[in-house]
Amino acid sequence: MSEFGASSTHWVTLPEGERAEIRHGTPVREVLSPRLSKRQARELLLARMDGKLVDLAHPVERDCSLEPVFPGDPGTIEIIRHSTAHVMAQAVKELFPGAKVAIGPAIENGFYYDFDYERPFTPEDLVRIEERMREIAKAAYPISREVLGIQKAREIFVSRGEIYKIELIDELSRAGEVEVSLYGQSGFLDLCRGPHVPDTGRLGAFKLTGVAGAYWRGDERNPMLQRIYGVSFLDKKELAAYLERIEEAKRRDHRRIGKDLDLFSIQEEIGPGLILWHPKGAMLRRVIEDFWKDEHIRRGYDLLYTPHIARRDLWKRSGHLDFYAESMYAPMVIDEVSYQIKPMNCPFHIAVYNSRRRSYRELPLRWCELGTVYRYERTGTLHGLMRVRGFTQDDAHVFCRPDHLDTMIHEILELTLFVLRVFGFDRYDIYLSTRPERFVGTEENWERATAALEGALKAEGLAYEIDPGEGVFYGPKIDIKIRDCLDRSWQCSTIQVDFNLPERFDVNYIGEDGHPRQAIMVHRALMGSIERFVGVLIEHYAGAFPFWLAPVQAVVLTVTDRQDAWAVEVQKRLKASGFRVEADLRNEKLGKKIREAQLVKIPYMLVVGDKEMREGRLNPRSRSGDVIGSMTVEECIQLFTRESTQSMGQGRRPA
RNA sequence: GCCGGCAUAGCUCAGCGGUAGAGCAGCUGAUUCGUAAUCAGCAGGUCGCGGGUUCGAAUCCCAUUGCCGGCUCCA
């Protein structure tokens, strides 16, 4: 490839259509720099060759288009982060000579590099590494790129004892590669595809954030390496903004707020991953669940209740014991029969369906249940409400005929997006998960089901990504991950088309011709798990729930104990109108009562003093600090009624 | 499950070889007060649990449980 033969020059198309004849092998820097201002030449970071980012040292080896790339241009921050990872690796190698390097890519917001070292890195080590990185950055060592035959490269890493790099090279070799590129700076050398920034002085603002164990190649059979994480941005301002966002996320942590607002607890005595809902949290759930049930009934769903355990045979037939056993709790024997706790609700809904013969006229049947399931999760994965062992799914199963399928998926998508909007989520990412490695049913069924889901997404004009192999064992699915106010993504909704369980359980209906036909099942959950959804809501709203959701919507505050009777009367009348109102009659100053109500984020504080009492009125103060002005109880009821509707996303009707 | 860190009063945390401390919350009393903390007093802890080292352990070591940050996995 280095000897082109006939032509020793190439035509390079530059921005603005300029064409230049360039000698074969000229580095792109030499092509671009003379055509830039001094300042631009200094800032030049990379080049785009025929649309692909390349190093400045990259040689021109054919006719191509070429444009300069500066920091901040699309795609550059990833390159900068990647180069920062290399600088970190250099620092680690210098400070800890025995360390072996594995891989070090750019990730969202930063980078990491995996190392194998005789002892764990400590926070103090990280400080030293970061210091050394700054020195390397300051020295602005040029970063070199070299292409070598794969055997030669292998020898280099063998001589350096970099066993992980050797493994990578052997893999590349098996994949048919004959040469690889090596990048280096000031004595450090790494196997890397590149591209990289021209020198170590071009890193931007970075900070090491932590160290964590990670398996070599993500496989738990492999040795555990130490992964050092860092964040990196173009400049200090962006880095500071990012760190501020992390702080904000910490302030919004649902575990913290859940404790402060007395919503729920998780206790060692009860067990990990098991949630105790305190009165306020239970009230929040009730509001969510009532809304959910009303909305479903309004839309033609029927409610089901099913048991928590079932005979083991059921799980055998459903395929759970073959494909889902590692998530299920051990069987218990009752009167010599084995039972198991449910990890899913579907077999029960099927049993209801199969409790009698179904006619084609009955379909579609839409059945929903707030079904509590238990799944074994490895201890290390549990996290507050977000990842638990016992949770309530807002589950539903639609049983339908093939000719219903498109309409059903459409209907479910519509309902899903509606519900998410009501709770204040209008940004989400949609994924289509296809057949996993272990699955039940035939490939044709999987294809049909996948096509149905994909067709619905296309018909709705919704953008989506394919998540290969991430379907459930019985069918493909659409997952909707909502984005919260900090732009973090949470998986909640899931829609799954299933031809397989109907086959296993012989779920059928009698068609027009009097013959049985197999029904199709659509599984779906909108909020996914009530636990997780509440967790997401807490963080999304930082505990300051919109009025319709707030477990306590208002608190009546007295100025002195002379107003106690009036305060109780106000509370009583508001409660009678369906609002969740408390009264704070403590012998404390008004300021203190306000402060405490504020801290637990109650939407309205209703101040009653002598003046209000005399006039039969109250004086609301909003959570945001506005004193609205004295009003009668009737006016307050009107205010709250309005607020109930308006505080729902999209101003939907209250439940 | 794996790697690393953490575990002290209800909560937030200090103490890090010589027999346990603060603020808030709680209780008692005084104060009757208008839009983010009234004052005083009292009470509260087998320092996660189990071993060990030591004359002596909250403090050092080992094991264990739980939590936190990751890996992996998912609603």
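It should be emphasised that the depicted structure is a prediction, and the values quoted were computed from it without experimental measurement. Scope of the values below: all heavy atoms of this structure, side chains included, with no hydrogens, waters or symmetry mates. Chain identifiers are assigned alphabetically (A, B, ...) following the order of the sequence lines, protein sequences preceding nucleic acid strands; residue numbering begins at 1 within each chain.
- Contact annotation for A:Y229: backbone-only contact, meaning every heavy-atom pair under 4.0 Å involves sugar-phosphate atoms and none involves a base.
- Within 3.5 Å, no donor on the side chain of A:R217 pairs with an acceptor on the base of B:rC71, nor the reverse.
- Here A:R375 lies in heavy-atom contact (under 4.0 Å) with a base.
- Judged by distance alone, with hydrogens and angles left aside, A:Q226 brings no side-chain donor or acceptor close enough to the base of B:rG70 to form a pair under 3.5 Å.
- Here the straight-line distance linking atom CE of A:M386 with atom CZ of A:R255 works out to 8.5 Å at 0.5 Å rounding.
- Taking atom C1' in both B:rU64 and B:rG45, the straight-line distance is 22 Å, to the nearest Å.
- Within 4.0 Å (heavy atoms only), A:E612 reaches at least one base atom of the nucleic acid.
- Evaluation of atom-type donor-acceptor distances gives no pair under 3.5 Å for the side chain of A:E268 against the base of B:rA7.
- For A:R227 against B:rC71, no side-chain N or O and base N or O form a donor-acceptor pair under 3.5 Å.
- Ring orientation note: the planes of A:W446 and A:F439 are nearly perpendicular, at an angle over 60° on the 30°/60° scale.
- Nucleic acid contact for A:G213: base, since at least one base atom lies under 4.0 Å from a heavy atom of the residue.
- Side-chain proximity of A:T381 to B:rA25, B:rU72, B:rG4: nearest is B:rU72.
- Residue-to-nucleotide contacts include no donor-acceptor pair under 3.5 Å from the side chain of A:Y376 to the base of B:rG1.
- A:G609 comes within 4.0 angstrom of a base, heavy atoms only.
- Listed nucleotides B:rC2, B:rU12, B:rG34 differ in distance to A:K259; the shortest reach to its side chain belongs to B:rU12.
- Nucleotides B:rU72 and B:rA14 place their P atoms 32 Å apart, quoted to the nearest Å.
- Side-chain atoms of A:R387 lie closest to B:rC74 of the nucleotides B:rG1, B:rC74, B:rC11.
- Set against B:rC74, B:rG66, B:rU38, the side chain of A:P272 has B:rG66 as its closest nucleotide.
- Comparing atom distances between the A:A212 side chain and each of B:rU35, B:rG70, B:rC74 picks out B:rG70 as nearest.
- Figure legend: cation-pi geometry between A:K481 and A:Y431, with NZ or CZ positioned under 6.0 Å from the six-membered ring centre and within 45° of its axis.
- Within 4.0 Å (heavy atoms only), A:D260 reaches no atom of the nucleic acid at all.
- Comparing the same atom, C1', in B:rC24 and in B:rA43 gives a spacing of 15 Å after rounding to whole Å.
- Every residue two or more places apart in sequence or in another chain that forms a side-chain contact (heavy atoms from CB on, under 4.5 Å) with A:H278 is listed here: A:D262, A:S265, A:L276.
- Comparing atom distances between the A:K589 side chain and each of B:rC33, B:rA36, B:rC74 picks out B:rC33 as nearest.
- In the set B:rC33, B:rC11, B:rA37, the nucleotide with an atom closest to the side chain of A:V559 is B:rC33.
- Nearest to the side chain of A:V607, among B:rG34, B:rG1, B:rA75, sits B:rG34.
- Side chain to side chain, A:T434 and A:T450 fail the donor-acceptor criterion of an N or O pair below 3.5 Å.
- Put simply, CD on A:E596 is 8 Å from C1' on B:rA37, counting in whole angstrom units.
- Side-chain proximity of A:R595 to B:rA37, B:rC33, B:rU35: nearest is B:rA37.
- When Watson-Crick and G-U wobble pairs are counted only if both distances are under 3.5 Å, B:rC27 pairs with B:rG41.
- Taking atom C1' on both B:rU46 and B:rA7, the two are 16 Å apart, rounded to the nearest angstrom.
- Using a 4.0 Å heavy-atom cutoff across all strands shown, A:Q598 reaches at least one base atom of the nucleic acid.
- Relative to the side chain of A:A214, the nucleotides B:rC71, B:rU12, B:rG4 differ in distance, and B:rC71 lies closest.
- The residue A:K250 sits apart from the nucleic acid: no heavy atom pair falls under 4.0 Å.
- Across all strands shown, A:R256 has heavy atoms under 4.0 Å from sugar-phosphate atoms exclusively, and none from any base.
- Using P as the reference atom, B:rC6 and B:rG15 are 13 Å apart when rounded to the nearest Å.
- At the heavy-atom level, A:V388 lies under 4.0 Å from base atoms of the strands shown.
- Taking atom C1' in both B:rC49 and B:rA57, one finds a spacing of 16 Å when rounded to whole Å.
- For the pair A:W490 and A:D484, the minimum side-chain heavy-atom distance is below 4.5 Å.
- When heavy atoms are screened at a 4.0 angstrom cut-off, A:N619 is found touching base atoms of the nucleic acid.
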